[in-house]
Amino acid sequence: RAVNALASEKTNAALTTASEAATNAVAAYKRVAALAPDDPNVQLELASTAEQVGDAAAAIAAYRRFLVLAPDDPNVSIVKQQIKQLEQSSAAASG
C-alpha cells in the first residue's frame, strides 16, 4: 500500500506539473498570437494547445482565426471538424 500511495502521489504531482505547463503554453501562444495576429501557424498551435487543456472557447476562436487566415490550407477540413466537435462538446457540457 505504501508503494502504491507513493506512486499515486508522484503520478498526481506529475499530472499537476504537466497541466500547469500546458496552461502556461496556452498563455504563451496567446501572447505570440497578439504579436503575430496574421500568422495562421500560431493560431493553429494556440488552438491545439488550448484544446489539450480543455479551453474550448480559446481553441474555437483560434481555429476560426486560422480558417480566415489560411482558407486554402490542407488542414481546413480537419480544423472545421475540430470546431464542430468542440462546439458539440461545449453544448453538451452546458446543457
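Each residue takes its place number in the sequence, starting with 1.
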Distance, nearest 0.5 Å, that separates CG of L86 from OG of S90: 6.0 Å
Validation row: T16, E20 side chains within 4.5 angstrom (heavy atoms): yes
Cluster overlap L44 with Y29, hydrophobic side-chain contacts below 4.5 Å: no
Closest heavy-atom pair and its distance - A59, A50: N-CB, 3.7 Å
Cluster overlap V42 with V76, hydrophobic side-chain contacts below 4.5 Å: no
Gap separating the CD atom of E51 from the CG atom of L46, nearest 0.5 angstrom: 11.0 Å
Distance in Å, I83 CD1 paired with I78 CD1, rounded so as to fall on 0.5 Å steps: 12.5 Å
Other residues, nucleotides, ligands: >12 heavy atoms within 6.0 Å of Q88 CD: yes
S19 side-chain N/O to L15 backbone N/O, donor-acceptor pair under 3.5 Å: no
Residue pair D55, K30: steps toward the side-chain contact (heavy atoms from CB on, under 4.5 Å) verdict: CA-CA 12 Å; D55 188 345; K30 285 181 178 180; 3.8 Å; yes
Minimum-distance pair of heavy atoms, taken over all atoms of Y63 and Q82: CE1-CB, 3.8 Å
Atom pair CZ (R64) and CG (L69), whose distance is rounded to the nearest 0.5 Å: 14.5 Å
Min side-chain heavy-atom separation K84-K80 under 4.5 Å: no
Pairwise distance CG(D72) to CG(L67) - rounded to 0.5 angstrom: 11.0 Å
N24 side, atom CG; T49 side, atom OG1 - distance, nearest 0.5 Å: 12.0 Å
Presence of salt bridge, R65 and D39, under 4.0 angstrom: no
